[in-house]
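Below is one structure, written out as structure tokens, with a few remarks after it.
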Amino acid sequence: MSKKLFIVVNQDSFFLSHRLPIGMAAKNAGFEVTIICEDTGSSHKIIESGLNTINLPIDKAGMNISEELKTFRFLYKVFKKEKPDIVHLVGLKTMLWGSLACKFAGVRAMVSAVCGLGVLFDDEHRDSLVSRMILKVLRFTHKGANVRVVFQNDDDKKLFLDNDIITNDKCSFTNGSGINLNEYSYSPEPEDGPIKIIFTARMVEDKGTLVLIDAAKRLEDKYKQKAQFLLCGGLDTNPHGITKEKLENLCDGSYIQWLGYRKDVKELLERSHIMAFPSWYREGLPKSVIEAEALGRPVVTTDSVGCKDTVIDGYNGFIVKPKDPKQLADAIKTLIDDSDLRRKMGQNAREFAEQKFNIEDVIKVHLKVYHDLCK
């Protein structure tokens with residue numbers, strides 16, 4: 001009889017962009033795979049892939065306790081009724097409520113994927129009451145023989161070990177969510193038109209959106225006719241989300257363009273020259289950066305959790321201080337001015353992606369975790 005694997009993520013779109021290859025590989029390995037996620041209109045694509053889905057009531061950025069408890073009760077009832085052999089929880093909120101549901105429903109085996117802890121564990125908020133309570137809950141729910149945690153950076157692993165949430169023998173590691181290196185093959189930078197600096201992320205302050213706009217404006221007098229800054233990403237309900245009105249006011253539509261949510265991100269990256277990702281949000285390992293590197297684009301990012309693991313400073317890009325528009329502008333200026341350096345760093349970025357971010361390596365780690373928990 002097939003083992004039941006339930007993968008819990010906040011939204012269908014996130015599963016499709018970050019976890020579909022893992023779900024498909026588990027199915028091909030003989031697991032009966034069900035994805036529990038909010039249906040935002042894309043769940044049919046999961047079903048068409050041959051996987052099961054269950055619609056999850058969740059507010060991914062909400063803090064209303066009654067709404068949060070609905071998510072917990074829903075997962076508890078599903079686990080109690082369906083009796084999955086393994087539950088794989090992806091992301092902090094699903095880890096919090098999902099691990100409690102697993103504990104009380106008596107789920108046999110649980111995997112938690114730490115793919116970014118966000119603002120609650122940044123330098124400003126990590127000692128807050130909410131953050132301490134989350135750690136206390138995770139410490140309670142992650143005790144047990146059949147528990148594993150998959151990390152994407154050493155900082156998050158250290159946080160879990162230091163807070164006695166997990167022991168080292170129950171830790172696994174992947175360099176992000178991985179990428180299909182055949183689909184994202186090396187693409188030489190465009191030879192004509194302005195130098196395009198692209199940023200792909202949700203439009204929230206913690207991702208460095210406003211810092212990048214500030215950096216662009218510092219370069220405007222000299223580079224307005226030579227460069228373009230492309231902000232690619234949708235609005236977000238996050239408390240630090242930037243409003244449409246503010247973005248439209250800050251972006252002139254030519255030198256600085258806000259493109260909104262786009263489905264052709266790969267093509268936009270191929271038509272760009274530089275990836276800028278000045279986030280200080282506590283990332284896991286940002287997939288948008290991995291995608292840019294696989295295509296052969298140098299990256300300017302920050303010395304922040306997750307981000308710093310995507311770049312060797314001076315090799316495949318530059319690492320700058322978080323929230324420092326001047327340093328960010330200087331790094332971007334260097335790459336605009338020096339085409340040979342830009343192309344060489346782009347080639348290095350591709351090599352780095354081949355060494356670190358192959359989706360096949362990520363799949364192997366997860367299948368090993370699943371099989372070990374089924375023994």
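Numbers here are sequence positions counted from 1.
Here the closest heavy-atom approach between residue Cys115 and residue Val90 is recorded as SG-CG1, 3.8 Å. The two atoms that bring Gly317 and Val311 nearest to each other are C-CG1, 3.8 Å, heavy atoms only.
Atom CE of Met203 sits about 8.5 Å away from atom CG of Leu235, to the nearest 0.5 Å. Expressed to the nearest 0.5 Å, how far CD of Glu245 lies from CG of Leu250 amounts to 11.5 Å. The CD1 atom of Ile363 sits 11.5 Å away from atom OG1 of Thr174, with the distance rounded to the nearest 0.5 Å. Considering CG of Leu100 and CG of Leu138, their distance stands at 8.5 Å, rounded to 0.5 Å. Residue Asn316 holds its CG atom at 10.0 Å from CD of Glu351, rounded to the nearest 0.5 Å. Summarising the geometry, atom CG belonging to Asp303 is positioned 9.5 Å from atom CD belonging to Gln327; distances are rounded to the nearest 0.5 Å.
Among residues two or more places apart in sequence or in another chain, the ring-ring contact (aromatic ring centres under 6.0 Å, His included) test is passed with His366 by His88. Partners of Phe6 according to the ring-ring contact (aromatic ring centres under 6.0 Å, His included) rule, which considers only residues two or more places apart in sequence or in another chain, do not exist here.
Follow the hydrophobic side-chain contacts under 4.5 Å out from Val150 and you reach Phe15 in the same cluster. Linking Ile, Leu, Val, Met, Phe, Trp and Tyr whenever their side-chain heavy atoms come within less than 4.5 Å leaves Val87 and Leu367 in two separate clusters.
Within the 4.5 Å cutoff, the side chain of Ile332 has no heavy atoms near those of the Tyr223 side chain. Counting heavy atoms from C-beta outward, Leu269 and Val265 have side chains that approach closer than 4.5 Å. At least one side-chain heavy atom of Val130 sits less than 4.5 Å from a side-chain heavy atom of Ile134. Contact of the Pro278 side chain with the Val320 side chain is not registered, since no non-hydrogen atoms from C-beta on lie closer than 4.5 Å. Using a 4.5 Å heavy-atom cutoff, the side chains of Leu117 and Leu159 are in contact. Here the side chains of Phe277 and Val300 are not in contact, with every heavy-atom distance at 4.5 Å or above. The shortest distance between side-chain heavy atoms of Leu285 and Asn175 falls below 4.5 Å. In this structure, the side chains of Gln152 and Ser177 come closer than 4.5 Å at one or more pairs of heavy atoms.
For the side-chain contact (heavy atoms from CB on, under 4.5 Å) with Asn55, the qualifying choice from Asp39, Thr40, Asp12 is Asp39, the only one to do so.
Here the two rings, on Phe199 and Phe229, have centers that are 6.0 Å apart or farther.
Using modelled atom types, no side-chain atom of Lys344 and backbone atom of Ser339 make a donor-acceptor pair closer than 3.5 Å. Side-chain atoms of Asn163 do not come within 3.5 Å of backbone N or O of Leu135 as any donor-acceptor pair. Here the side chain of Asp313 pairs a donor or acceptor atom with the backbone of Ile319 at under 3.5 angstrom. Side chain of Gln228 to backbone of Tyr255: no donor-acceptor contact under 3.5 angstrom is found. Checking side-chain atoms of Ser304 against main-chain N and O of Cys307 turns up no donor-acceptor pair under 3.5 Å. A distance-only check finds a donor-acceptor pair linking the side chain of Arg342 to the backbone of Ile336 [under 3.5 Å]. Checked by atom type and distance alone, the side chain of Asp338 never pairs as donor or acceptor with a backbone atom of Thr334 at under 3.5 Å. Looking only at distances, a side-chain donor or acceptor of Asp85 sits under 3.5 Å from a matching main-chain atom of Lys4. Side chain of His273 to backbone of Ile195: no donor-acceptor contact under 3.5 angstrom is found. The main-chain N or O of Tyr281 is found under 3.5 Å from a side-chain atom of Ser279 such that the two form a donor-acceptor pair.
Taking 4.0 Å as the cut-off between side-chain N and carboxylate O, Glu270 and Lys266 count as a salt-bridged pair. With respect to Asp221 and Lys224, no salt bridge is recorded, no charged nitrogen being found less than 4.0 Å from a carboxylate O. With salt bridges taken as basic N to acidic carboxylate O contacts below 4.0 Å, one links Lys308 and Asp155. Ionic pairing of Asp337 and Lys333 is present here: one or more N-O contacts between side-chain nitrogen and carboxylate oxygen are shorter than 4.0 angstrom. Salt bridge Lys217/Asp252: absent, no basic N to carboxylate O contact under 4.0 Å. The pair Arg218-Asp214 meets the salt-bridge criterion, with a side-chain N (NZ, NE, NH1 or NH2) lying under 4.0 Å from an Asp/Glu carboxylate O. Contact check on Asp330 versus Lys326 returns a salt bridge, with a Lys/Arg side-chain nitrogen under 4.0 Å from an Asp/Glu carboxylate oxygen.
Among residues at least two apart or in separate chains, salt bridge (Lys or Arg N to Asp or Glu O under 4.0 Å) pairs with a member in residues 272-298 are Asp156-Arg282, Lys207-Glu283. Within the structure, ring pair (Phe, Tyr, Trp, His ring centres under 6.0 Å) pairs that include any residue of residues 160-190 comprise Phe151-Phe160 (at least two apart or interchain).
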Return a table of donor-acceptor pairs under 3.5 angstrom between the side chains of residues 69-80 and protein atoms on other chains or two or more places apart.
residue, atom, partner, partner atom, Å
Lys70, NZ, Glu67, OE2, 3.3
Thr71, OG1, Pro57, O, 2.7

Side chains of residues 22-37: which donor-acceptor pairs under 3.5 Å do they make with residues two or more places apart or in other chains?
residue, atom, partner, partner atom, Å
Asn28, ND2, Met24, O, 3.3
Thr34, OG1, Asn52, ND2, 3.4

For Phe357 and Phe352, run ring-ring contact (aromatic ring centres under 6.0 Å, His included): C-alpha distance rounded to whole Å, both residues' side-chain angles, the deciding distance at 0.1 Å, then the answer.
-> CA-CA 8 Å; Phe357 306 131; Phe352 191 73; 5.7 Å; yes
Full working for side-chain contact (heavy atoms from CB on, under 4.5 Å) between Thr94 and Val9 | CA-CA 6 Å; Thr94 57; Val9 301; 5.7 Å; no
Given Trp258 and Thr209, is the side-chain contact (heavy atoms from CB on, under 4.5 Å) satisfied, shown in steps?
-> CA-CA 10 Å; Trp258 173 48; Thr209 310; over 6 Å; no
Taking it one step at a time, do Glu68 and Lys93 satisfy salt bridge (charged side-chain N to carboxylate O under 4.0 Å, His left out)?
-> CA-CA 9 Å; Glu68 297 300 300; Lys93 180 166 284 194; 3.1 Å; yes
Test Thr200 against Leu268 for side-chain contact (heavy atoms from CB on, under 4.5 Å), laying out the working first.
-> CA-CA 10 Å; Thr200 61; Leu268 289 170; over 6 Å; no
What's the verdict on side-chain contact (heavy atoms from CB on, under 4.5 Å) for Val147 and Ile166, showing C-alpha distance, side-chain angles and the deciding distance?
-> CA-CA 9 Å; Val147 174; Ile166 200 81; 4.0 Å; yes
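Side-chain atoms of His142 and Ser112 form a donor-acceptor pair, as typed in the model, at a separation below 3.5 Å.
For Lys321, the NZ atom counts as loosely surrounded, since its 6.0 Å shell holds 12 or fewer non-hydrogen atoms of other residues, nucleotides or ligands.
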